[in-house]
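Order of the sequence lines fixes the chain letters, A, B, ..., with proteins taken first and strands second; residue numbering starts at 1 for each chain. This one's a predicted model, so the numbers in the text were calculated from it and none came from an experiment.
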Number of protein chains: 2
Amino acid sequence: MVTIESSIKVRLVKIGELAKLTGCSVQSIRHYEKEKLLATLRRSDGNFRLYDSATVDQLKFIKHCRSLDLSLAEIRQLIALNQQPGMGCEDVNRMIDSHIEQVALRINELQDLQDKLMALRTSCASQSTVKECGILQTLSVSRK
Amino acid sequence: MVTIESSIKVRLVKIGELAKLTGCSVQSIRHYEKEKLLATLRRSDGNFRLYDSATVDQLKFIKHCRSLDLSLAEIRQLIALNQQPGMGCEDVNRMIDSHIEQVALRINELQDLQDKLMALRTSCASQSTVKECGILQTLSVSRK
DNA sequence: CTTAAACTCTATGGTAACTATAGAGTCAAG
DNA sequence: CTTGACTCTATAGTTACCATAGAGTTTAAG
(Lines give C-alpha, C1' and ligand atoms only; values in the text may rest on other atoms or scores of the structure.)
Protein backbone atom coordinates (compact mmCIF):
# COMPACT_ATOMS: atom_id res chain seq x y z
CA MET A 1 0.00 0.00 0.00
CA VAL A 2 1.24 3.37 -0.98
CA THR A 3 0.17 6.54 0.68
CA ILE A 4 -0.79 9.56 -1.33
CA GLU A 5 1.89 11.51 0.40
CA SER A 6 4.67 9.25 -0.70
CA SER A 7 3.45 8.65 -4.23
CA ILE A 8 2.71 12.22 -5.27
CA LYS A 9 5.47 14.73 -5.20
CA VAL A 10 4.32 18.05 -3.84
CA ARG A 11 6.35 21.15 -4.33
CA LEU A 12 7.00 22.64 -0.92
CA VAL A 13 8.21 26.16 -0.36
CA LYS A 14 9.91 27.85 2.53
CA ILE A 15 8.49 30.85 4.25
CA GLY A 16 10.42 33.38 2.17
CA GLU A 17 8.98 32.07 -1.05
CA LEU A 18 5.50 31.88 0.40
CA ALA A 19 5.91 35.53 1.30
CA LYS A 20 6.88 36.39 -2.26
CA LEU A 21 4.06 34.36 -3.74
CA THR A 22 1.45 36.12 -1.65
CA GLY A 23 2.91 39.54 -1.02
CA CYS A 24 2.80 39.03 2.73
CA SER A 25 5.82 39.63 4.93
CA VAL A 26 7.58 36.72 6.56
CA GLN A 27 6.71 38.09 9.98
CA SER A 28 3.04 38.35 9.10
CA ILE A 29 3.00 34.70 8.12
CA ARG A 30 4.59 33.64 11.37
CA HIS A 31 2.16 35.92 13.15
CA TYR A 32 -0.83 34.32 11.42
CA GLU A 33 0.47 30.93 12.46
CA LYS A 34 0.73 32.02 16.07
CA GLU A 35 -2.82 33.35 15.83
CA LYS A 36 -4.03 30.03 14.42
CA LEU A 37 -5.08 31.40 11.06
CA LEU A 38 -2.60 29.36 9.10
CA ALA A 39 -1.05 25.98 9.82
CA THR A 40 2.45 24.98 8.86
CA LEU A 41 2.19 21.78 6.88
CA ARG A 42 5.51 20.44 8.04
CA ARG A 43 9.05 21.32 8.96
CA SER A 44 12.34 20.52 7.27
CA ASP A 45 15.03 18.58 9.10
CA GLY A 46 16.51 21.90 10.08
CA ASN A 47 13.13 23.04 11.45
CA PHE A 48 12.26 25.35 8.55
CA ARG A 49 8.57 25.78 7.80
CA LEU A 50 7.44 24.11 4.56
CA TYR A 51 4.22 24.95 2.75
CA ASP A 52 2.22 23.51 -0.13
CA SER A 53 0.11 25.29 -2.72
CA ALA A 54 -3.09 24.97 -0.68
CA THR A 55 -1.45 27.12 1.95
CA VAL A 56 -0.66 29.70 -0.67
CA ASP A 57 -4.38 29.95 -1.40
CA GLN A 58 -5.29 30.10 2.27
CA LEU A 59 -2.85 32.91 2.80
CA LYS A 60 -4.21 34.78 -0.20
CA PHE A 61 -7.65 34.44 1.33
CA ILE A 62 -6.35 35.95 4.55
CA LYS A 63 -4.64 38.73 2.69
CA HIS A 64 -7.79 39.52 0.76
CA CYS A 65 -9.74 39.72 4.00
CA ARG A 66 -7.11 41.96 5.56
CA SER A 67 -7.29 44.28 2.58
CA LEU A 68 -10.95 44.68 3.54
CA ASP A 69 -9.82 45.48 7.07
CA LEU A 70 -11.38 42.41 8.58
CA SER A 71 -9.71 41.67 11.91
CA LEU A 72 -7.77 38.48 12.50
CA ALA A 73 -10.55 37.36 14.83
CA GLU A 74 -13.12 37.84 12.10
CA ILE A 75 -10.98 36.01 9.60
CA ARG A 76 -10.59 33.16 12.04
CA GLN A 77 -14.36 33.02 12.23
CA LEU A 78 -14.72 32.98 8.45
CA ILE A 79 -12.24 30.14 8.18
CA ALA A 80 -14.19 28.18 10.77
CA LEU A 81 -17.45 28.83 8.92
CA ASN A 82 -15.83 27.78 5.69
CA GLN A 83 -15.29 24.38 7.23
CA GLN A 84 -19.03 23.91 7.78
CA PRO A 85 -20.07 23.84 4.11
CA GLY A 86 -23.62 22.70 4.84
CA MET A 87 -24.55 25.41 7.27
CA GLY A 88 -26.38 28.57 6.37
CA CYS A 89 -24.16 31.53 5.75
CA GLU A 90 -26.21 34.16 7.59
CA ASP A 91 -23.29 34.61 9.95
CA VAL A 92 -21.06 35.56 7.06
CA ASN A 93 -23.59 38.09 5.86
CA ARG A 94 -24.01 39.47 9.34
CA MET A 95 -20.30 39.93 9.76
CA ILE A 96 -19.94 41.80 6.51
CA ASP A 97 -23.00 43.93 7.22
CA SER A 98 -21.68 44.88 10.60
CA HIS A 99 -18.35 45.68 9.07
CA ILE A 100 -19.96 47.93 6.50
CA GLU A 101 -21.72 49.70 9.33
CA GLN A 102 -18.50 50.20 11.28
CA VAL A 103 -16.80 51.68 8.26
CA ALA A 104 -19.73 53.98 7.57
CA LEU A 105 -19.61 55.21 11.15
CA ARG A 106 -15.90 55.85 10.93
CA ILE A 107 -16.33 57.75 7.67
CA ASN A 108 -18.91 59.97 9.31
CA GLU A 109 -16.68 60.61 12.28
CA LEU A 110 -13.81 61.56 10.04
CA GLN A 111 -16.04 63.79 7.98
CA ASP A 112 -17.08 65.67 11.12
CA LEU A 113 -13.46 65.89 12.11
CA GLN A 114 -12.58 67.23 8.69
CA ASP A 115 -15.20 69.96 9.01
CA LYS A 116 -13.85 70.98 12.39
CA LEU A 117 -10.29 71.04 11.14
CA MET A 118 -11.24 73.18 8.14
CA ALA A 119 -13.06 75.63 10.37
CA LEU A 120 -10.08 75.75 12.68
CA ARG A 121 -7.76 76.33 9.75
CA THR A 122 -9.65 79.40 8.59
CA SER A 123 -9.16 81.02 11.99
CA CYS A 124 -5.52 81.85 11.28
CA ALA A 125 -4.02 83.93 8.52
CA SER A 126 -0.60 82.61 7.56
CA GLN A 127 1.29 85.80 8.32
CA SER A 128 0.35 85.88 11.96
CA THR A 129 2.52 85.35 15.02
CA VAL A 130 2.04 82.60 17.53
CA LYS A 131 0.69 85.11 20.01
CA GLU A 132 -2.15 86.12 17.70
CA CYS A 133 -2.62 82.75 16.05
CA GLY A 134 -6.30 82.08 15.71
CA ILE A 135 -5.76 78.37 15.71
CA LEU A 136 -4.03 78.34 19.08
CA GLN A 137 -6.64 80.71 20.44
CA THR A 138 -9.46 78.53 19.23
CA LEU A 139 -7.85 75.44 20.68
CA SER A 140 -7.55 77.17 24.03
CA VAL A 141 -11.27 77.73 24.28
CA SER A 142 -13.24 74.72 25.36
CA ARG A 143 -16.04 73.72 23.11
CA LYS A 144 -19.68 73.83 24.13
CA MET B 1 9.14 89.91 52.00
CA VAL B 2 6.21 87.78 51.11
CA THR B 3 6.15 85.52 48.11
CA ILE B 4 3.17 85.49 45.82
CA GLU B 5 2.75 81.83 46.55
CA SER B 6 2.36 82.28 50.26
CA SER B 7 0.22 85.39 50.16
CA ILE B 8 -2.38 84.31 47.63
CA LYS B 9 -4.48 81.28 48.36
CA VAL B 10 -4.97 79.09 45.33
CA ARG B 11 -7.60 76.42 45.22
CA LEU B 12 -5.88 73.16 44.45
CA VAL B 13 -7.67 70.05 43.29
CA LYS B 14 -6.72 66.40 43.30
CA ILE B 15 -6.59 64.33 40.18
CA GLY B 16 -10.12 62.98 40.52
CA GLU B 17 -11.62 66.44 40.54
CA LEU B 18 -9.42 67.56 37.66
CA ALA B 19 -10.78 64.59 35.75
CA LYS B 20 -14.35 65.64 36.48
CA LEU B 21 -13.69 69.25 35.58
CA THR B 22 -12.27 68.34 32.19
CA GLY B 23 -13.98 65.11 31.28
CA CYS B 24 -10.67 63.27 31.03
CA SER B 25 -10.04 60.00 32.79
CA VAL B 26 -7.66 59.90 35.72
CA GLN B 27 -5.41 57.53 33.82
CA SER B 28 -5.27 59.83 30.82
CA ILE B 29 -4.09 62.66 33.03
CA ARG B 30 -1.34 60.55 34.51
CA HIS B 31 -0.49 59.43 31.01
CA TYR B 32 -0.22 63.01 29.78
CA GLU B 33 2.08 63.76 32.66
CA LYS B 34 4.31 60.85 31.79
CA GLU B 35 4.33 62.11 28.20
CA LYS B 36 5.31 65.59 29.37
CA LEU B 37 2.15 67.28 28.14
CA LEU B 38 1.03 68.33 31.56
CA ALA B 39 3.01 69.14 34.68
CA THR B 40 1.85 68.44 38.19
CA LEU B 41 2.07 71.69 40.10
CA ARG B 42 2.88 70.05 43.39
CA ARG B 43 2.19 67.08 45.59
CA SER B 44 0.40 66.79 48.92
CA ASP B 45 2.19 65.43 51.96
CA GLY B 46 0.77 62.06 51.11
CA ASN B 47 2.14 62.36 47.56
CA PHE B 48 -1.19 63.14 45.89
CA ARG B 49 -1.04 65.28 42.75
CA LEU B 50 -2.42 68.81 43.24
CA TYR B 51 -3.48 71.07 40.38
CA ASP B 52 -4.48 74.71 40.01
CA SER B 53 -6.95 76.26 37.59
CA ALA B 54 -4.30 76.98 34.95
CA THR B 55 -3.77 73.25 34.69
CA VAL B 56 -7.49 72.81 34.14
CA ASP B 57 -7.22 75.07 31.11
CA GLN B 58 -4.11 73.32 29.83
CA LEU B 59 -5.85 69.99 30.07
CA LYS B 60 -8.90 71.35 28.27
CA PHE B 61 -6.58 72.50 25.52
CA ILE B 62 -5.15 69.01 25.26
CA LYS B 63 -8.57 67.49 25.25
CA HIS B 64 -9.72 69.80 22.51
CA CYS B 65 -6.69 68.85 20.43
CA ARG B 66 -7.33 65.15 21.03
CA SER B 67 -10.93 65.58 19.89
CA LEU B 68 -9.41 66.72 16.61
CA ASP B 69 -7.31 63.58 16.60
CA LEU B 70 -4.02 65.42 16.95
CA SER B 71 -1.38 63.06 18.30
CA LEU B 72 0.26 63.61 21.65
CA ALA B 73 3.48 64.44 19.79
CA GLU B 74 1.68 67.11 17.78
CA ILE B 75 0.09 68.54 20.89
CA ARG B 76 3.47 68.65 22.58
CA GLN B 77 4.69 70.66 19.60
CA LEU B 78 1.76 73.06 19.81
CA ILE B 79 2.41 73.61 23.48
CA ALA B 80 6.05 74.36 22.75
CA LEU B 81 5.06 76.78 19.99
CA ASN B 82 2.61 78.42 22.30
CA GLN B 83 5.51 79.33 24.53
CA GLN B 84 7.20 81.30 21.74
CA PRO B 85 4.53 84.03 21.37
CA GLY B 86 6.65 86.23 19.12
CA MET B 87 7.39 83.65 16.49
CA GLY B 88 5.46 83.22 13.29
CA CYS B 89 2.80 80.58 13.42
CA GLU B 90 3.43 79.00 10.02
CA ASP B 91 4.32 75.79 11.80
CA VAL B 92 0.90 75.68 13.39
CA ASN B 93 -0.74 76.19 10.03
CA ARG B 94 1.44 73.55 8.45
CA MET B 95 0.55 71.04 11.10
CA ILE B 96 -3.16 71.59 10.70
CA ASP B 97 -2.92 71.51 6.92
CA SER B 98 -1.04 68.25 7.01
CA HIS B 99 -3.59 66.87 9.41
CA ILE B 100 -6.42 67.83 7.12
CA GLU B 101 -4.63 66.04 4.33
CA GLN B 102 -4.15 62.88 6.40
CA VAL B 103 -7.82 62.81 7.28
CA ALA B 104 -8.83 63.33 3.67
CA LEU B 105 -6.61 60.43 2.64
CA ARG B 106 -8.10 58.20 5.29
CA ILE B 107 -11.62 59.11 4.24
CA ASN B 108 -10.79 58.15 0.68
CA GLU B 109 -9.30 54.86 1.78
CA LEU B 110 -12.35 54.04 3.82
CA GLN B 111 -14.63 55.02 0.96
CA ASP B 112 -12.81 52.59 -1.33
CA LEU B 113 -13.07 49.96 1.34
CA GLN B 114 -16.78 50.65 1.68
CA ASP B 115 -17.29 50.17 -2.06
CA LYS B 116 -15.47 46.86 -1.97
CA LEU B 117 -17.44 45.67 1.04
CA MET B 118 -20.73 46.59 -0.61
CA ALA B 119 -19.78 44.76 -3.77
CA LEU B 120 -18.78 41.76 -1.72
CA ARG B 121 -22.06 41.89 0.17
CA THR B 122 -24.14 41.68 -2.98
CA SER B 123 -22.41 38.45 -3.95
CA CYS B 124 -24.37 36.43 -1.43
CA ALA B 125 -28.11 35.98 -1.08
CA SER B 126 -29.07 35.53 2.54
CA GLN B 127 -30.65 32.13 2.14
CA SER B 128 -27.54 30.45 0.87
CA THR B 129 -25.37 27.85 2.56
CA VAL B 130 -21.75 28.31 3.46
CA LYS B 131 -20.76 26.04 0.59
CA GLU B 132 -22.40 28.28 -1.98
CA CYS B 133 -21.81 31.55 -0.22
CA GLY B 134 -20.73 34.12 -2.74
CA ILE B 135 -18.89 36.10 -0.14
CA LEU B 136 -16.62 33.25 0.83
CA GLN B 137 -16.13 32.39 -2.81
CA THR B 138 -15.19 35.93 -3.66
CA LEU B 139 -12.78 36.12 -0.75
CA SER B 140 -11.10 32.96 -1.96
CA VAL B 141 -10.22 34.46 -5.29
CA SER B 142 -7.20 36.71 -5.26
CA ARG B 143 -7.72 40.14 -6.63
CA LYS B 144 -6.01 41.41 -9.74
C1' DC C 1 35.10 20.13 1.09
C1' DT C 2 34.75 24.39 2.96
C1' DT C 3 33.29 28.76 3.53
C1' DA C 4 30.42 32.66 3.10
C1' DA C 5 26.08 34.60 1.87
C1' DA C 6 21.44 34.22 2.34
C1' DC C 7 17.95 32.39 4.70
C1' DT C 8 15.42 30.77 8.78
C1' DC C 9 14.58 29.94 13.74
C1' DT C 10 12.74 31.67 18.55
C1' DA C 11 12.19 35.20 21.70
C1' DT C 12 11.74 39.81 22.89
C1' DG C 13 10.67 44.72 22.63
C1' DG C 14 8.41 48.46 20.25
C1' DT C 15 4.31 50.98 18.11
C1' DA C 16 -0.35 54.68 20.04
C1' DA C 17 -3.01 56.13 23.54
C1' DC C 18 -4.70 54.70 26.57
C1' DT C 19 -7.65 50.93 29.94
C1' DA C 20 -7.59 47.72 33.58
C1' DT C 21 -5.64 45.59 37.43
C1' DA C 22 -2.96 44.62 41.79
C1' DG C 23 -1.29 45.86 46.05
C1' DA C 24 -0.30 49.48 49.00
C1' DG C 25 -0.86 53.91 51.07
C1' DT C 26 -3.83 58.41 52.17
C1' DC C 27 -7.69 61.08 53.39
C1' DA C 28 -12.37 62.47 55.29
C1' DA C 29 -16.40 61.57 57.74
C1' DG C 30 -18.87 59.38 61.39
C1' DC D 1 -10.66 54.60 64.95
C1' DT D 2 -12.51 52.59 61.40
C1' DT D 3 -14.49 52.41 56.98
C1' DG D 4 -15.00 53.77 52.38
C1' DA D 5 -13.47 56.59 48.81
C1' DC D 6 -9.58 58.15 46.80
C1' DT D 7 -4.80 58.03 45.22
C1' DC D 8 -0.15 56.06 44.42
C1' DT D 9 3.23 53.15 41.34
C1' DA D 10 4.01 49.50 38.43
C1' DT D 11 2.60 46.23 35.18
C1' DA D 12 -0.06 43.85 31.59
C1' DG D 13 -3.23 44.15 27.81
C1' DT D 14 -5.18 46.10 23.45
C1' DT D 15 -4.10 45.40 17.51
C1' DA D 16 -1.41 43.64 13.82
C1' DC D 17 2.26 43.61 12.98
C1' DC D 18 7.82 45.43 12.44
C1' DA D 19 12.52 45.33 14.08
C1' DT D 20 16.19 43.27 16.32
C1' DA D 21 19.42 39.86 18.52
C1' DG D 22 21.71 35.73 18.59
C1' DA D 23 21.83 31.27 16.92
C1' DG D 24 21.27 27.62 13.58
C1' DT D 25 20.44 25.95 8.38
C1' DT D 26 20.92 25.80 3.54
C1' DT D 27 23.00 26.51 -0.73
C1' DA D 28 26.07 28.24 -4.13
C1' DA D 29 30.62 29.22 -5.25
C1' DG D 30 35.50 28.41 -4.95
**OP:** Could you tell me the separation between the CG atom of B:Asp45 and the C1' atom of C:dT26, rounded to a whole number of Å?
**Re:** 11 Å

Subject >> B:Ser44 vs C:dT26: side-chain N/O to OP1/OP2 distance below 4.0 Å >> reply: no

Subject >> Partner of A:Tyr51 by side chain to side chain contact (heavy atoms under 4.5 Å, CB included), out of A:Val56, A:Ile15, A:Thr22 >> reply: A:Ile15

Original post:
Please give, in whole Å, the distance from C:dA17 P to B:Leu68 CG?
Top reply: 14 Å

**OP:** Give a yes or no on whether a salt bridge exists between A:Arg106 and A:Glu109, defined as a side-chain N under 4.0 angstrom from a carboxylate O.
**Re:** yes

**OP:** Grab the NE2-P distance between A:His31 and D:dC18 for me, whole Å please.
**Re:** 9 Å

Expected rows: protein N/O vs nucleotides 8-11 of chain C N/O, under 3.5 Å:
from	atom 1	to	atom 2	distance (Å)
C:dT8	OP1	A:Gly16	N	2.6
C:dC9	OP1	A:Arg49	N	2.7
C:dC9	OP1	A:Arg49	NH1	3.0
C:dC9	OP2	A:Arg30	NH1	2.6
C:dC9	OP2	A:Arg49	NH1	3.2
C:dC9	O5'	A:Arg49	NH1	3.4
C:dT10	OP1	A:Arg43	NH1	3.4
C:dT10	OP1	A:Arg43	NH2	3.1
C:dT10	OP2	A:Arg49	NH1	3.0
C:dT10	OP2	A:Arg49	NH2	2.8

Subject >> salt_bridge(B:Asp91, B:Arg94) N-O dist < 4.0 Å >> reply: yes

Original post:
Nearest-Å distance, CG (A:Leu59) to P (D:dA16)?
Top reply: 15 Å

Original post:
Is the phosphate of D:dT15, meaning OP1 or OP2, less than 4.0 Å from a side-chain N or O of A:Ser71?
Top reply: no

**OP:** Starting at atom CD of A:Glu35, determine the distance to atom C1' of D:dT14, rounded to an integer number of angstrom.
**Re:** 12 Å

Original post:
For D:dA16, does either OP1 or OP2 sit under 4.0 Å from a side-chain N or O belonging to A:Tyr32?
Top reply: no

Subject >> Approximate separation, where rounding is to 0.5 Å, of B:Thr129 OG1 and A:Leu81 CG >> reply: 12.0 Å

Original post:
In a check of side chain to side chain contact (heavy atoms under 4.5 Å, CB included) between B:Tyr32 and each of B:Gln58, B:Arg76, B:Arg66, B:Gln27, which one passes?
Top reply: B:Arg66

Original post:
Between C:dT19, C:dC27, D:dA16, which nucleotide gets closest to the side-chain atoms of B:Ser28?
Top reply: C:dT19

Original post:
What residues form a side chain to side chain donor-acceptor pair (under 3.5 Å) with B:Ser53, not counting sequence neighbours?
Top reply: none

Subject >> Atom pair distance, as rounded to whole Å: CD1 in B:Ile29 and P in C:dT19 >> reply: 11 Å

Original post:
Starting at CG of A:Leu70 and ending at C1' of D:dT15, how long is that distance when rounded to a whole Å?
Top reply: 14 Å

Original post:
Over how many whole Å does the gap from A:Gln27 atom CD to D:dA19 atom C1' extend?
Top reply: 7 Å

**OP:** Kindly compute the distance separating CG (A:Asp97) from CE (B:Met118), expressed to the nearest 0.5 Å.
**Re:** 10.0 Å

